[in-house]
Amino acid sequence: MAMWGGRFTEATLSEFRDFNDSLSFDYLLAQQDIAASRAWAKGLLQAGIITDIEAAQLEQGLADLAMAIDADPRLPLQTTEEDIHSWVESQLTAKLGSVAKKLHTGRSRNDLVATDLRLWTRLQAGTVRKSLLAALAALLEFADKAEQAVMPGFTHLQRAQPVLVAHWALAYVEMFKRDLGRLDDAVARMDSCPLGCGALAGTGVNIDRNVLASELGFSHAALNSLDAVSDRDYLVELSASASLCMTHLSRLSEDVIFFCSGEAGFFKLGDAISSGSSLMPQKKNPDVFELLRGKTGRVLGHLVAILHVLKGLPLAYNKDMQEDKQGFFDLMHSWQQSLLVLATVLPHLSVNREQCRKAAELGYSNATDLADYLVSKGMPFRDAHECAGELVLVASKQQLPLEALTLQQMQQISALITDDVYPALTLEAGMARRCALGGTATGQVAAALANAKSWFEQVVAG
Ligand code: ARG
């Protein structure tokens with residue numbers, strides 16, 4: 001039975017009910033609704049609305065309900081209640097009789113749903129955080145295992161300058177570090193409790209809302225009732241954090257897909273994380289990374305959807321807000337699952353060192369080193385760039401690498417070039433030169449890895 005039948009004389013149209021009801025998805029908030037109800041019952045006792053005995057009965061009834069949900073989270077779906085709040089109350093009434101009807105004194109589904117969703121979000125954010133840490137650990141492990149492996153670095157997807165594979169992995173570590181910061185910021189900002197704000201104007205029950213807040217693990221009570229029942233900022237913040245984190249995951253996936261292609265061949269996918277083709281027997285496909293890239297689109301869509309739901313809403317609660325849930329539930333699930341999948345598959349990705357090195361030496365990746373060499377001989381960089389470019393032209397016409405040109409050929413372009421150009425053009429020399437902070441020189445990358453590992457240990461230690 002609906003919670004609001006008194007002033008109605010006609011039955012509800014089934015088409016309206018189907019459209020209006022939310023139990024089919026908000027049943028996921030059952031434990032949170034029960035937790036909020038237990039805290040509210042305590043508040044009612046303190047306010048003198050219910051007796052000790054009634055409070056104990058409500059507490060027992062709600063504890064039993066929590067256990068029943070633990071055993072079967074889909075239990076509410078066996079009923080036709082309007083939403084999870086109605087379900088909890090009707091279950092309690094069926095069990096306890098009229099005392100259960102006192103539970104909704106001074107509260108509204110508006111402050112209740114706002115509280116439930118915050119509790120659920122806080123819990124899920126904790127799981128996302130764990131998965132993000134697992135992804136970070138896997139990336140650090142990957143960087144560690146890559147040791148000195150060198151591969152081409154790209155700009156415009158054209159070979160640019162060689163980089164350590166570990167340097168590439170650590171770039172994503174930096175992105176995920178920021179993602180963790182954004183997640184923690186969002187969780188810290190949502191730490192206020194809407195319960196006790198009633199439908200919109202505050203509750204008539206004489207209740208200490210800060211005690212209520214701390215009962216539910218919040219640091220404080222929300223300060224404005226109109227805001228509290230209609231604030232969904234935290235959903236937007238977390239959706240935006242998820243979107244950015246997934247975008248990083250998607251870029252990583254795109255890199256890996258290309259690195260695993262026949263054209264690049266830098267990385268190899270283990271059988272355990274690859275799929276084949278039903279038609280082409282030779283195929284080994286990076287489906288898992290494609291799915292990670294695809295899930296990103298889905299998460300980004302949910303961010304846009306929640307922004308659109310909120311943008312035109314007057315204060316305070318509007319039913320539009322019921323549309324905040326399905327997308328956000330899916331977003332949190334997709335985000336958490338994707339991070340965990342990344343953590344799981346990375347150990348099955350191996351680096352083909354020979355192929356990486358071969359590719360890093362091709363494509364005139366040492367042309368900048370040649371220009372730098374000329375600079376070291378006193379030539380202004382702009383002229384050195386020009387000379388190195390001319391030498392690339394000479395070499396490419398003969399389909400040779402720069403270091404295969406004779407000294408004579410080089411000196412025709414610049415008399416400043418002497419024998420010591422050859423050691424300057426090796427891969428090692430080029431890499432070693434990029435030794436300023438943040439660069440790909442071996443020492444810098446080793447230091448960056450050590451720093452990232454100690455940062456990680458501190459974060460894990462809390
Ligand atoms: N199912 C509703 C939601 O998710 C609960 C709040 C209903 N409040 C109301 N005044 N109709 O938003």
Side-chain angles (χ1 to χ4, degrees), residues 1-8 12-37 39-40 69 73-77 79-93 103-124 190 193-205 216 222 224-236 238-239 302 305-333:
M1 205 184 61
M3 297 169 99
W4 36 258
R7 63 103 72 213
F8 290 78
T12 314
L13 266 186
S14 68
E15 289 84 350
F16 165 70
R17 267 193 81 121
D18 290 348
F19 193 60
N20 186 57
D21 290 1
S22 54
L23 186 67
S24 64
F25 50 90
D26 69 13
Y27 78 94
L28 289 173
L29 300 176
Q31 288 295 13
Q32 288 70 32
D33 203 76
I34 293 167
S37 296
W40 187 247
I69 290 287
R74 296 172 67 83
L75 194 61
L77 299 181
T79 69
T80 54
E81 294 299 335
E82 180 183 337
D83 56 25
I84 192 60
H85 325 291
S86 320
W87 183 82
V88 169
E89 216 180 297
S90 75
Q91 292 293 306
L92 217 51
T93 308
L103 180 61
H104 211 55
T105 314
R107 73 174 192 180
S108 153
R109 282 183 296 166
N110 296 353
D111 58 348
L112 194 53
V113 73
T115 306
D116 292 358
L117 193 51
R118 266 174 206 256
L119 291 173
W120 184 90
T121 303
R122 195 174 64 190
L123 186 72
Q124 298 303 318
M190 60 175 274
C193 182
L195 201 58
C197 283
L200 75 162
T203 184
V205 171
L216 288 168
N224 180 294
S225 63
L226 288 169
D227 175 47
V229 296
S230 61
D231 169 26
R232 300 291 185 272
D233 288 8
Y234 63 100
L235 298 183
V236 175
L238 279 161
S239 300
H302 292 319
I306 183 68
L307 283 166
H308 278 270
V309 167
L310 296 176
K311 73 172 270 296
L313 295 188
L315 288 183
Y317 178 84
N318 299 267
K319 194 64 171 257
D320 313 44
M321 286 178 160
Q322 183 163 289
E323 287 297 313
D324 60 2
K325 288 174 202 64
Q326 281 159 297
F328 188 67
F329 290 166
D330 183 69
L331 174 141
M332 291 299 270
H333 173 68

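When a ligand or atom number is given, it counts from 1 through the structure's own listing order. Only heavy atoms go into these numbers, but all of them, side chains included; no hydrogens, no water, no symmetry mates.
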Problem - SB check Lys325 Asp116 (cutoff 4.0 Å) - result: no
Exercise for the section: Identify whether the distance between the nearest side-chain nitrogen and carboxylate oxygen of Arg17 and Asp21 falls below 4.0 Å. Expected result: yes
Practice task
Just grab all the salt bridge (Lys or Arg N to Asp or Glu O under 4.0 Å) pairs involving residues 311-323, residues at least two apart or on different chains.
Solution key: Glu82-Lys319
Handout entry: Proximal ligand 1 atoms for His85, defined as those under 4.0 Å from one of its heavy atoms
Key = 5 (C)
Handout entry: Numbering as shown, the atoms of ligand 1 that approach Ser22 to under 4.0 Å (heavy-atom distance)
Key =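 Counting from 1, the qualifying ligand atoms are 1 (N).
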Where is the tightest heavy-atom contact between [X] and [Y], given as atom of each residue plus distance?
X      : Y      : result
Ala316 : Val229 : CB-CG2, 3.7 Å
Leu315 : Ser230 : CD2-OG, 3.4 Å
Val113 : Tyr317 : CG1-CE1, 4.5 Å

Exercise for the section: With heavy atoms under 4.0 Å as the rule, classify the contact between Glu82 and ligand 1 as side chain, backbone, both or neither. Expected result: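 Neither part.
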Closest protein heavy atom to [atom], given as residue, atom name and distance to 0.1 Å:
atom                    : answer
atom 6 (C) of ligand 1  : Tyr317 OH, 3.4 Å
atom 4 (O) of ligand 1  : Lys325 NZ, 2.5 Å
atom 1 (N) of ligand 1  : Gln322 OE1, 2.7 Å
atom 11 (N) of ligand 1 : Arg109 NH2, 3.7 Å

Handout entry: Any N/O pair Asn110/ligand 1 closer than 3.5 Å
Key = yes
